[in-house]
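Computed from heavy atoms alone, side chains included, the values below leave out hydrogens, waters and symmetry copies.
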Amino acid sequence: MSPNITVTHERVDDIPAIIAHLKKMRVAEGLGNHFPTNGNWEGLSLGWTTVVWLTFILSEGDHRLSRVEPWVKEHPCTLRRCLGRTVRPRDLAEDRLATILDYLSGAERWSAFERALNQGVLRVYDLQGRVVRVDATTAAAYVTPEGLFQLGPSKDHRPDLPQVKIAMAVLDPLGLPLTTTVVAGNTADDPLYLPEMAKIRQIVGSRGLTYVGDGKMAALGIRAEIVAHGDYSLCPLSAKQMPEAEFARVLAPVWSGALEPRALRLPTADGAPDETDAPVALGFEYMVELNAPAHSGQPCTWQERRLVVRSLALAARQEQSLRQRVARAVTEINALDERKQGKPRVLDETAASQAATAIMSKHRVEGLVHVTVTTDVHEHVKRRYGTRPATTVRSTRVRVRATSEEAPLAHAVQRLGWRVYATNHTAKEMDLAQGVAAYRSEYLIEQGFGRLKGRALSLTPLFLQYDQRGVGLLWLLSIALRVLVLMQFVVRRNLQRAGATLTGIYPGQPGRQTAQPTTEMMLAAFRGVTLSRIKIDGKLHEHLTPLNAVQKRILTLMEVPLERYDTLVT
């Protein structure tokens with residue numbers, strides 16, 4: 001008689017590694033402490049339900065509520081053994097998840113939870129960063145414009161869709177989100193900076209932080225408020241803070257040869273520049289004294305350094321673009337008087353001049369192209385024919401010629417790539433090269449926005465209809481973003497300490513090495529780890545796909561014990 005055999009397979013993948021980090025961050029406990037549920041709540045607690053949901057989001061790259069319950073049905077043993085709790089599919093039903101979003105949308109409770117979460121993360125992961133980056137982005141939604149979802153300038157190039165605006169402050173050098181604020185999509189960026197900084201001061205509890213932001217953070221009132229609290233700022237000055245006439249006055253000594261800007265090289269890991277590296281920029285600095293009222297209304301006076309920097313790579317790109325625009329404009333203008341079938345003729349010099357001006361305006365090369373418009377007059381005698389007498393026929397043709405103006409073009413090239421940054425740091429605390437390096441790391445916060453709205457967390461497009469649930473979802477995803485950032489930071493820190501690299505995470509390139517692996521690539525390396533349950537005549541046997549060397553090394557670098565996977569098999 002043949003045995004009765006039943007076999008089931010359950011994908012484990014990266015679930016134990018994700019849950020291990022969520023436990024280390026004490027997310028479930030924090031949510032339980034700050035978001036108490038009413039007496040009708042049954043089953044898995046709000047904190048642990050949210051942990052399961054976050055695990056789904058991070059593992060699947062999908063935040064849609066309707067997809068979570070079927071996923072839980074497919075991973076009952078993995079979730080139960082990783083959490084040490086029974087997880088029923090109905091605990092993650094769509095209406096239950098919507099209720100969680102309603103709880104999370106409470107601003108005061110969220111602020112208290114976020115502050116406690118950040119303080120715990122800074123302590124547990126031994127983070128001592130003193131540089132905070134503040135910026136904002138937008139997230140579009142397929143809803144009717146109302147409430148938080150409003151039409152406004154879109155950073156996703158979708159001005160046709162209602163959007164919300166998300167302000168975020170992140171900690172260097174890992175880009176860890178510390179605060180997340182959601183406001184209406186038509187809100188300006190400027191009013192968002194000071195509230196984020198106030199939250200940061202509550203979290204860190206100390207003075208002397210450096211805030212790095214874009215030109216909108218350079219408003220004089222914001223800089224004054226930073227100085228009033230004993231902190232520092234670094235931001236580029238916009239055309240409003242640095243008018244064109246003032247900018248030309250600052251750069252005049254450089255153009256005349258009276259001032260030689262020094263070559264700047266980026267600092268290495270030990271903080272000192274490598275003199276053998278090619279310079280990345282040229283720069284000099286000067287000091288100004290400023291007076292402005294702080295947010296409280298108290299007058300504030302401080303010394304501010306102006307870092308005048310020319311990025312060589314940016315200047316080269318801008319020069320190439322400028323010369324290409326000039327060449328296109330010259331070609332198009334010279335073709336105005338070209339005669340070909342179906343092309344209308346230029347009737348007179350006025351029309352030709354207007355057309356040439358329009359072309360220069362289109363390519364933004366006014367003053368860089370010299371245009372000459374002339375009229376050729378040709379007369380010839382038409383001989384007598386029959387009774388028709390001989391006549392003189394006069395014809396005209398408008399000629400347009402364009403050439404590049406070399407002297408103005410050279411002057412325009414000379415002005416490319418320059419930017420002025422403002423900081424109240426002393427030269428001893430942040431020299432010119434360190435200031436350039438600090439602003440060049442602005443990509444850290446942009447990476448977070450990219451993860452939030454990209455494949456990793458898939459925030460956009462939003463389909464939620466209610467404001468409070470949209471806010472709750474954004475705050476939920478900010479926790480998931482913290483997990484991605486912390487996993488990546490821990491691995492890179494351990495690789496740097498060991499002076500090692502990681503291999504085996506690039507599909508099709510098993511030998512490729514990297515010292516900067518991303519969380520997404522490392523989690524993808526666990527795809528295919530499967531828990532098999534084989535029942536033979538009522539006797540259960542379990543088997544877990546053995547972890548390979550790459551997977552074991554990733555877990556070690558993540559500081560996740562291998563037992564997280566071993567204990568899945570009882």
Side-chain angles (χ1 to χ4, degrees), residues 214-216 218 234-266 278-288 304-337 349-350 352-374 399-423 432-433 435-437 439-440 442:
D214 58 15
K216 293 181 285 296
L234 173 66
C235 50
L237 297 181
S238 66
K240 185 175 182 179
Q241 285 89 26
M242 178 60 65
E244 184 66 25
E246 175 69 10
F247 191 39
R249 187 191 65 79
V250 169
L251 289 177
V254 177
W255 296 335
S256 66
L259 175 64
E260 182 69 25
R262 65 186 181 93
L264 303 177
R265 294 171 175 83
L266 295 180
V280 299
L282 303 174
F284 63 95
E285 61 180 84
Y286 65 98
M287 189 79 72
V288 298
E304 185 173 82
R305 290 166 60 222
R306 299 286 173 86
L307 313 181
V308 187
V309 179
R310 188 190 199 198
S311 169
L312 299 179
L314 176 60
R317 291 197 303 270
Q318 290 180 337
E319 180 180 356
Q320 182 184 19
S321 174
L322 177 61
R323 293 190 180 277
Q324 288 175 346
R325 297 201 313 271
V326 169
R328 286 195 292 267
V330 168
T331 301
E332 291 182 21
I333 292 172
N334 286 333
L336 286 174
D337 61 358
E349 293 186 6
T350 301
S353 298
Q354 291 174 348
T357 301
I359 292 173
M360 288 188 288
S361 177
K362 180 180 72 172
H363 293 289
R364 307 189 312 280
V365 293
E366 296 91 337
L368 303 180
V369 176
H370 177 69
V371 179
T372 303
V373 181
T374 59
R399 297 284 188 179
V400 185
R401 288 294 174 265
T403 57
S404 60
E405 293 274 23
E406 291 305 322
L409 180 58
H411 183 65
V413 168
Q414 199 176 34
R415 300 167 67 91
L416 298 177
W418 289 99
R419 202 165 192 185
V420 181
Y421 301 87
T423 181
L432 191 54
V436 172
Y439 190 76
R440 285 194 170 209
E442 191 70 0

Review point. Is the shortest heavy-atom distance from the side chain of Arg401 to the side chain of Thr403 under 4.5 Å?
Key: no
Exercise for review: Enter the distance from Thr331:OG1 to Leu336:CG here, rounded to the nearest 0.5 Å.
Suggested key: 11.0 Å
Check your understanding: Judged by atom type as modelled, is there a donor-acceptor pair below 3.5 Å linking the side chain of Thr357 to the main-chain atoms of Ser353?
Key -> yes
Exercise for review: Please tell me if the side chains of Phe247 and Val420 come closer than 4.5 Å, counting only heavy atoms from C-beta onward.
Suggested key: yes
Review point. What is the distance from atom CZ of Phe284 to atom CG of Leu251, rounded to the nearest 0.5 Å?
Key: 5.5 Å
Exercise for review: Measure the spacing between CZ of Arg305 and CG of Leu432 and express it to the nearest 0.5 Å.
Suggested key: 7.0 Å
**Study point:** Pairs touching residues 306-315 that satisfy salt bridge (charged side-chain N to carboxylate O under 4.0 Å, His left out), sequence neighbours left out
**Key:** Glu304-Arg306
Practice item. Would you give the length of the straight line joining atom CD of Glu442 to atom CG of Leu234, rounded to the nearest 0.5 angstrom? Key: 9.0 Å
Review point. Are any non-hydrogen side-chain atoms of Val371 and Ile333 less than 4.5 angstrom apart?
Key: yes
Point to revise | Sidechain N-carboxylate O distance under 4.0 Å for Arg323, Glu319 | key: yes
Review point. Below 4.5 Å, heavy atoms only, C-beta onward: do Leu282 and Val254 meet side chain to side chain?
Key: no
Check your understanding: Distance only, no hydrogens: is a donor on one side chain within 3.5 Å (strictly under) of an acceptor on the other, for Ser238 and Gln241?
Key -> yes
Review point. Do Arg419 and Val309 come within less than 4.5 Å of each other through their side chains, counting heavy atoms only?
Key: no
Practice item. Find the distance between CG (Leu416) and NE2 (His411) and round it off to the nearest 0.5 Å. Key: 10.5 Å
Practice item. Could you walk me through whether Lys216 and Cys235 pass the side chain to side chain contact (heavy atoms under 4.5 Å, CB included) test, one step at a time? Key: CA-CA 9 Å; Lys216 293 181 285 296; Cys235 50; over 6 Å; no
Point to revise | Pair Arg317-Ser321, side-chain donor/acceptor within less than 3.5 Å | key: no
Check your understanding: After noting the C-alpha distance and the side-chain angles of Val413 and Gln318, does the key distance pass the side chain to side chain contact (heavy atoms under 4.5 Å, CB included) rule?
Key -> CA-CA 8 Å; Val413 168; Gln318 290 180 337; over 6 Å; no
Review point. For Tyr286 and Val250, what are the C-alpha separation, side-chain angles and deciding distance, and is it a side chain to side chain contact (heavy atoms under 4.5 Å, CB included)?
Key: CA-CA 9 Å; Tyr286 65 98; Val250 169; 3.5 Å; yes
Check your understanding: Please walk me through it: do Val400 and Asn334 pass side chain to side chain contact (heavy atoms under 4.5 Å, CB included)?
Key -> CA-CA 6 Å; Val400 185; Asn334 286 333; 5.6 Å; no
